[in-house]
Amino acid sequence: MPEKPLPDVIAPDLDVLFCGINPSLMSAERGHHFARPGNRFWPAIHLAGFTPRLFTPDEDRQLPEHGLGITNVVARPTRTAAELSREELREGAAALAELVAEYRPRVLAVLGITAWRTGFDRPTAVTGLQPERIGGAATWVVPNPSGLNAHVQLPDLARIYRELRP
């Protein structure tokens with residue numbers, strides 16, 4: 001398998017593996033997940049109680065020490081997720097299932113309902129705990145923390161992410 005432009009932050013037996021849609025151009029350039037200013041991932045996981053303090057994107061490699069990891073459905077960086085094809089999302093979903101089966105996180109949290117619906121062929125899915133497990137993990141679909149998803153405010157993201165705790 002070719003190396004990903006933005007490597008996963010992963011280890012065996014994590015509590016939660018967060019799965020973004022795909023890296024932003026800025027994240028790929030900087031080599032760190034959720035690096036775009038305005039992305040609310042780092043404040044949301046801190047407010048949800050996953051990290052002891054607010055981490056910066058440059059500290060993403062420390063997440064496994066806290067039982068957390070990050071991957072993406074699609075490895076290809078883009079300006080917006082809308083640039084991804086249905087085929088890329090479907091191929092990425094299959095690869096994600098293999099990754100989860102290999103590393104065995106307790107919870108998989110897919111950050112984005114549209115990527116979930118398209119990649120996993122669940123056109124009517126809603127956010128929350130899903131009826132199926134992916135790669136053996138309890139699977140949640142939660143709002144994407146991108147600043148483009150402004151209708152979901154930071155306190156709501158933190159409250160929803162808090163529910164992921166195994």
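This chain uses plain numbering: 1 for the first residue, then up along the sequence.
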Decide whether [X] and [Y] are clustered together by the hydrophobic rule: side chain heavy atoms of Ile, Leu, Val, Met, Phe, Trp, Tyr closer than 4.5 Å, transitively.
| X | Y | value |
| --- | --- | --- |
| Leu6 | Leu63 | no |
| Val142 | Ile45 | yes |
| Val16 | Val9 | yes |
| Ile10 | Ile134 | yes |

Report, one line per pair, each donor and acceptor closer than 3.5 Å where one atom sits in a side chain of residues 107-117; sequence neighbours left out.
{"from": "Trp116", "atom 1": "NE1", "to": "Gln130", "atom 2": "OE1", "distance (Å)": "3.3"}
{"from": "Arg117", "atom 1": "NE", "to": "Ala125", "atom 2": "O", "distance (Å)": "2.9"}
{"from": "Arg117", "atom 1": "NH2", "to": "Ala125", "atom 2": "O", "distance (Å)": "2.8"}

Provide the closest heavy-atom pair for [X] versus [Y] in the form atom of the first, atom of the second, distance.
| X | Y | value |
| --- | --- | --- |
| Ala35 | Met26 | O-SD, 3.6 Å |
| Pro77 | Ala28 | CG-CB, 3.5 Å |
| Ala137 | Pro105 | CB-O, 3.3 Å |
| Arg36 | Ser24 | CG-OG, 3.6 Å |

Provide the full list of ring-ring contact (aromatic ring centres under 6.0 Å, His included) pairs with a residue in residues 54-77, sequence neighbours left out, each pair given once.
Phe55-His66
Which pairs count as ring-ring contact (aromatic ring centres under 6.0 Å, His included) when at least one residue sits in residues 84-109, sequence neighbours excluded?
none
Could you list the cluster mates of Leu25? Members are the ILVMFWY residues connected by side-chain heavy atoms closer than 4.5 Å, either directly or through other members.
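Once heavy-atom contacts under 4.5 Å are chained together, Leu25 still belongs with nothing else.
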If hydrophobic residues (ILVMFWY) are linked whenever their side-chain heavy atoms come closer than 4.5 Å, directly or via other members, who joins Val126 in its cluster?
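Hydrophobic cluster check, Val126: no partners found.
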ring-ring contact (aromatic ring centres under 6.0 Å, His included) with His46: which residues, sequence neighbours excluded?
none
If you look only at distance, which donor and acceptor atoms sit under 3.5 Å apart when one is on a side chain in residues 154-166 and the other is two or more places apart or in another chain?
{"from": "Tyr161", "atom 1": "OH", "to": "Pro143", "atom 2": "O", "distance (Å)": "2.8"}
{"from": "Arg162", "atom 1": "NH2", "to": "Leu47", "atom 2": "O", "distance (Å)": "3.1"}
{"from": "Arg165", "atom 1": "NH1", "to": "Gly49", "atom 2": "O", "distance (Å)": "2.9"}

Aromatic contact, Phe18 with Phe41 (centres under 6.0 Å):
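Centroid separation for Phe18 and Phe41: below 6.0 Å.
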Straight-line distance of [X] [atom1] to [Y] [atom2], nearest 0.5 Å:
| X | Y | atom1 | atom2 | answer |
| --- | --- | --- | --- | --- |
| Leu89 | Leu96 | CG | CG | 11.5 Å |
| Leu99 | Cys19 | CG | SG | 8.5 Å |
| Leu129 | Thr139 | CG | OG1 | 8.0 Å |
| Gln62 | Leu68 | CD | CG | 11.5 Å |
| Thr78 | Asn22 | OG1 | CG | 3.5 Å |
| Glu88 | Glu83 | CD | CD | 9.5 Å |

Not counting sequence neighbours, which residues clear side chain to side chain donor-acceptor pair (under 3.5 Å) with [X]? List them please.
| X | result |
| --- | --- |
| Asp58 | none |
| Asp60 | His32 |
| Arg53 | Glu59 |

Salt bridge (charged side-chain N to carboxylate O under 4.0 Å, His left out): which pairs involve residues 124-135, sequence neighbours left out?
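For residues 124-135: Arg122-Glu132.
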Stepwise side-chain contact (heavy atoms from CB on, under 4.5 Å) test for Trp42 and Leu54
CA-CA 6 Å; Trp42 299 104; Leu54 179 58; 4.1 Å; yes
With sequence neighbours excluded, give me every side chain to side chain donor-acceptor pair (under 3.5 Å) pair touching residues 5-21.
Lys4-Asp8, Asp8-Thr71, Asp13-Arg104, Asp15-Arg106
